[in-house]
Amino acid sequence: MKLNLLSCDDQRPNKRDIARCIVEISSGISESLANELTDILLEGDAVDIEVSDKNSGSALRALRKLSIDYEIIE
(Lines give C-alpha, C1' and ligand atoms only; values in the text may rest on other atoms or scores of the structure.)
Protein backbone atom coordinates (compact mmCIF):
# COMPACT_ATOMS: atom_id res chain seq x y z
CA MET A 1 0.00 0.00 0.00
CA LYS A 2 1.29 3.45 -0.89
CA LEU A 3 0.76 6.38 1.44
CA ASN A 4 1.18 10.07 0.84
CA LEU A 5 2.17 11.77 4.10
CA LEU A 6 0.72 15.25 3.82
CA SER A 7 1.56 17.16 7.00
CA CYS A 8 2.14 16.97 10.73
CA ASP A 9 -0.36 18.92 12.82
CA ASP A 10 1.45 18.55 16.13
CA GLN A 11 2.57 21.89 17.57
CA ARG A 12 5.89 20.43 18.69
CA PRO A 13 6.59 17.44 16.44
CA ASN A 14 9.28 15.04 17.60
CA LYS A 15 11.51 14.49 14.56
CA ARG A 16 13.16 11.43 16.07
CA ASP A 17 9.81 9.69 16.72
CA ILE A 18 8.52 10.50 13.24
CA ALA A 19 11.69 9.20 11.57
CA ARG A 20 11.61 6.04 13.69
CA CYS A 21 7.97 5.47 12.74
CA ILE A 22 8.76 5.87 9.03
CA VAL A 23 11.57 3.30 9.30
CA GLU A 24 9.34 0.82 11.15
CA ILE A 25 6.28 1.05 8.91
CA SER A 26 7.84 1.52 5.48
CA SER A 27 9.36 -0.99 3.12
CA GLY A 28 13.06 -0.50 2.54
CA ILE A 29 13.68 2.98 3.95
CA SER A 30 16.91 3.48 5.86
CA GLU A 31 17.26 5.62 8.97
CA SER A 32 19.12 8.39 7.13
CA LEU A 33 16.47 8.53 4.39
CA ALA A 34 13.74 8.57 7.05
CA ASN A 35 15.43 11.59 8.66
CA GLU A 36 15.47 13.39 5.30
CA LEU A 37 11.82 12.51 4.63
CA THR A 38 10.90 13.77 8.11
CA ASP A 39 12.59 17.10 7.41
CA ILE A 40 10.73 17.38 4.08
CA LEU A 41 7.42 16.55 5.77
CA LEU A 42 7.92 19.10 8.54
CA GLU A 43 8.81 21.78 5.99
CA GLY A 44 5.32 21.31 4.54
CA ASP A 45 5.91 19.10 1.50
CA ALA A 46 4.21 15.74 0.98
CA VAL A 47 6.19 12.49 1.19
CA ASP A 48 5.35 9.14 -0.47
CA ILE A 49 6.14 5.87 1.30
CA GLU A 50 5.36 2.20 0.67
CA VAL A 51 3.86 0.17 3.53
CA SER A 52 3.44 -3.61 3.51
CA ASP A 53 -0.21 -4.64 3.47
CA LYS A 54 0.11 -6.86 6.55
CA ASN A 55 1.28 -3.87 8.64
CA SER A 56 -1.12 -1.31 7.22
CA GLY A 57 -3.49 -1.12 10.19
CA SER A 58 -0.77 -0.58 12.77
CA ALA A 59 1.04 1.83 10.42
CA LEU A 60 -2.04 4.03 10.08
CA ARG A 61 -2.56 4.03 13.86
CA ALA A 62 1.08 5.03 14.42
CA LEU A 63 0.76 7.93 11.97
CA ARG A 64 -2.44 9.16 13.62
CA LYS A 65 -0.75 8.98 17.03
CA LEU A 66 2.00 11.29 15.73
CA SER A 67 -0.64 13.69 14.27
CA ILE A 68 0.48 13.01 10.72
CA ASP A 69 -2.15 13.55 8.03
CA TYR A 70 -1.98 11.02 5.19
CA GLU A 71 -3.86 9.79 2.18
CA ILE A 72 -3.90 6.27 0.77
CA ILE A 73 -2.74 6.22 -2.84
CA GLU A 74 -3.25 2.50 -3.54
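As a basis for the values below, the full set of heavy atoms in this structure was taken, side chains included, without hydrogen atoms, waters or symmetry mates. The first residue of the sequence shown is numbered 1, and numbering continues consecutively from there. Worth saying up front: this structure is predicted, and the values here are computed from it rather than measured.
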Are Leu6 and Ile49 in one and the same hydrophobic cluster, where Ile, Leu, Val, Met, Phe, Trp and Tyr link if side-chain heavy atoms are under 4.5 Å apart?
no

Does a side-chain heavy-atom distance below 4.5 Å link Ile25 with Leu63?
yes

Check the pair Tyr70, Leu60 against side chain to side chain contact (heavy atoms under 4.5 Å, CB included), reporting the backbone distance first and the verdict last.
CA-CA 9 Å; Tyr70 61 86; Leu60 299 178; 3.4 Å; yes

Hey, could you give me the CZ/NZ distance between Arg61 and Lys65, rounded to the nearest 0.5 Å?
11.0 Å

Distance, nearest 0.5 Å, that separates OG of Ser56 from CD1 of Ile72
7.5 Å

CD1 of Ile18 to SG of Cys8, rounded to nearest 0.5 Å, is 4.0 Å

Lys/Arg-Asp/Glu bridge criterion (N-O < 4.0 Å) met for Asp48, Lys2
no

Treat each ILVMFWY residue as a node, draw an edge where side-chain heavy atoms are under 4.5 Å apart, and state whether Met1 and Ile29 are in one component.
yes

As a quick check of understanding, evaluate side chain to side chain contact (heavy atoms under 4.5 Å, CB included) for Leu3 and Ile73, giving each step before the final call.
CA-CA 6 Å; Leu3 294 178; Ile73 297 173; over 6 Å; no

So CD1 of Ile68 and CG of Asp10: to nearest 0.5 Å the spacing works out to 9.0 Å

Crowding at CD, Glu71 (>12 non-hydrogen neighbours, <6.0 Å)
yes

To the closest 0.5 Å, what do you measure between OG1 (Thr38) and CZ (Arg16)?
12.0 Å

Got a second to check how far Cys21's SG is from Leu5's CG, nearest 0.5 Å?
8.5 Å

Within the structure provided, determine whether Asn35 and Lys15 are in side-chain contact (heavy-atom separation under 4.5 Å).
no

Mind listing the closest non-hydrogen atom pair of Ala34 and Val23 along with its distance?
CB-CG2, 3.4 Å

